[in-house]
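Okay, so here's the structure we're looking at.
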2 protein chains.
Amino acid sequence: MKRDSRLSSVLHALLHMAQSDAPMTSGALARCLATNPVVVRRTMGFLRRAGLVASDRGQAGGWRIARDLSTITLRDLHLALEEPGIFAIGHRNAAPDCLVEQAVNAALDATLAEAEALLLRRMGEVTLADLAEDFARRHASRSAHDKETGHDA
Amino acid sequence: MKRDSRLSSVLHALLHMAQSDAPMTSGALARCLATNPVVVRRTMGFLRRAGLVASDRGQAGGWRIARDLSTITLRDLHLALEEPGIFAIGHRNAAPDCLVEQAVNAALDATLAEAEALLLRRMGEVTLADLAEDFARRHASRSAHDKETGHDA
DNA sequence: GCGAATCGTAACATACGGTGTTACATGAAA
DNA sequence: TTTCATGTAACACCGTATGTTACGATTCGC
């Protein structure tokens, strides 16, 4: 299955934005993500419509985070992206009047719905602030290691 | 996202097979699923290689379930299909040496892994026998309703 | 043995969605 | 006014699930 990586992309972008004082342009974010500025604008547009980020046009414009990092969860981002479904598996409603199909769909849907509920709950517990903190920890760890081995911090 | 409906398909097929004494041909199953015989053979081939069903060639050949219905779970079927991933969302490893990307991937992977574990556990608790029973209940319910309203049972 | 039926599989076509790219209009600041 | 940036449409590209055709291999009934 081809996976939707937009959630990963916006997380990556938001963490870079969190490290920056000034707004970041779609071009700058595209360089961070190794992708295209239009793709960034297209994807970040979902977050803007959800009120999670804001964008300004013109010189000194760009993208900035509109809320405190501790108030934005993975769940918020996932919902903002309007992803049609979390799962790569689903049922085919080719014969909705077939009782066999109905029994199959009911069983699958119930199981998937439970897993989706858990996933959304867990995603609601992880904030951007948590991720930023994790990043800072990794950064400090690498800096210390680089210092030991003689590399740049 | 385009969803993989093979699990739903094989469930549908297996329940029809469970209702039949004689082996069912890929053509007959294809009619049940409103699809193509080759698609049926292709998909059921995964179950055959996993030892869940058996197929016979030649006249009076076809497909039959190789194990007791109560010993086959949704988990068995899912694993037999060798689906690359349950989720339609994932991370893009465009910059694996980027610490931001690493922090994002770690957070996403941990959350998704937990949800996947729950899903597989739940799928391991649902057997084909359960589904067949649910189908029988729906069938009885519709039959009773049809009798009341004057339709065929 | 012969022919019909069936599976096994390769090869190709089709549909669809995520992603990348170009182009251009809109808006804001120097 | 010029420049820079977003907003968005339009299209190309690619990978994957699915559908289709074709043909070889195997088994049963005659």
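Throughout, a chain's letter reflects where its sequence line sits, starting with A, and its residues are numbered from 1. The shown structure was predicted, so the numbers you read here are calculated from the model rather than taken from an experiment.
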Distance, rounded to the nearest Å, where [X] contributes [atom1] and [N] contributes [atom2]:
X: B:Arg48; N: C:dT6; atom1: CZ; atom2: C1'; value: 13 Å
X: B:Leu7; N: D:dA17; atom1: CG; atom2: C1'; value: 15 Å
X: B:Trp63; N: C:dA5; atom1: CH2; atom2: C1'; value: 15 Å
X: B:His91; N: C:dG18; atom1: NE2; atom2: C1'; value: 17 Å
X: A:His12; N: C:dT19; atom1: NE2; atom2: C1'; value: 17 Å
X: B:Leu47; N: C:dG8; atom1: CG; atom2: C1'; value: 15 Å
X: B:Asp56; N: D:dG29; atom1: CG; atom2: C1'; value: 16 Å
X: A:Met44; N: D:dT6; atom1: CE; atom2: C1'; value: 12 Å

Can you tell me if the side-chain N/O atoms of [X] get under 4.0 Å from OP1 or OP2 in [N]?
X: A:Thr25; N: D:dA5; answer: no
X: A:Ser5; N: C:dT19; answer: yes
X: A:Arg41; N: D:dT6; answer: yes
X: A:Ser26; N: D:dT6; answer: yes
X: B:Ser55; N: C:dC7; answer: no

Identify which nucleotide among C:dG8, D:dA9, D:dT20 has an atom closest to any side-chain atom of A:Val38, counting heavy atoms from C-beta outward.
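Nucleotide nearest to A:Val38's side chain: D:dA9.
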From the set C:dG20, C:dC7, D:dT18, return the single nucleotide nearest to any side-chain atom of B:Asp4.
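Side chain of B:Asp4 sits closest to D:dT18.
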Counting any heavy atom closer than 4.0 Å, what does B:Arg6 reach on the DNA or RNA strands: base, sugar-phosphate only, or nothing?
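Here B:Arg6 touches the backbone only, sparing every base.
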At under 4.0 Å between heavy atoms, what does A:Gly45 touch on the DNA or RNA strands: base, sugar-phosphate, or nothing?
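Counting heavy atoms under 4.0 Å across all strands, no contact is made by A:Gly45.
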Could you tell me whether the side chain of [X] has a donor or acceptor atom within less than 3.5 Å of a complementary atom in the base of [N]?
X: A:Arg42; N: C:dG20; result: yes
X: B:Arg92; N: C:dT19; result: no
X: B:Gln59; N: D:dC28; result: yes
X: A:Arg3; N: D:dG15; result: no
X: A:Arg57; N: C:dT26; result: yes

Quick one: on DNA chain C, does A:Val39 or B:Gly62 contact a more 5' nucleotide (nearest heavy atom)?
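First, find each residue's nearest nucleotide; the 5'-ward one identifies B:Gly62.
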Got a second to check how far A:Leu74's CG is from A:Thr127's OG1, nearest 0.5 Å?
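The distance works out to 8.5 Å.
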Once rounded to the nearest 0.5 Å, what's the spacing between atom CD1 of A:Ile72 and atom CG of A:Leu131?
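The distance works out to 11.0 Å.
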Donor-acceptor pair, distance only, cut-off 3.5 Å: does the side chain of B:Ser5 make one with the backbone of B:Ser8?
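Flag not set: sc B:Ser5 to bb B:Ser8 has no pair under 3.5 Å.
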Between A:Arg122 and B:Thr111, is any side-chain donor less than 3.5 angstrom from a side-chain acceptor?
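There is no such pair between these side chains.
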Over all heavy atoms of both residues, which pair between A:His91 and A:Asp109 is shortest? Give the atoms and the distance, please.
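Nearest heavy atoms, A:His91 then A:Asp109: CD2-OD1, 2.9 Å.
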May I ask you to check if B:Arg49 and B:Phe46 form a cation-pi contact, with NZ or CZ under 6.0 angstrom from the six-membered ring centre and within 45° of the axis?
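Yes, B:Arg49 lies over the aromatic ring of B:Phe46.
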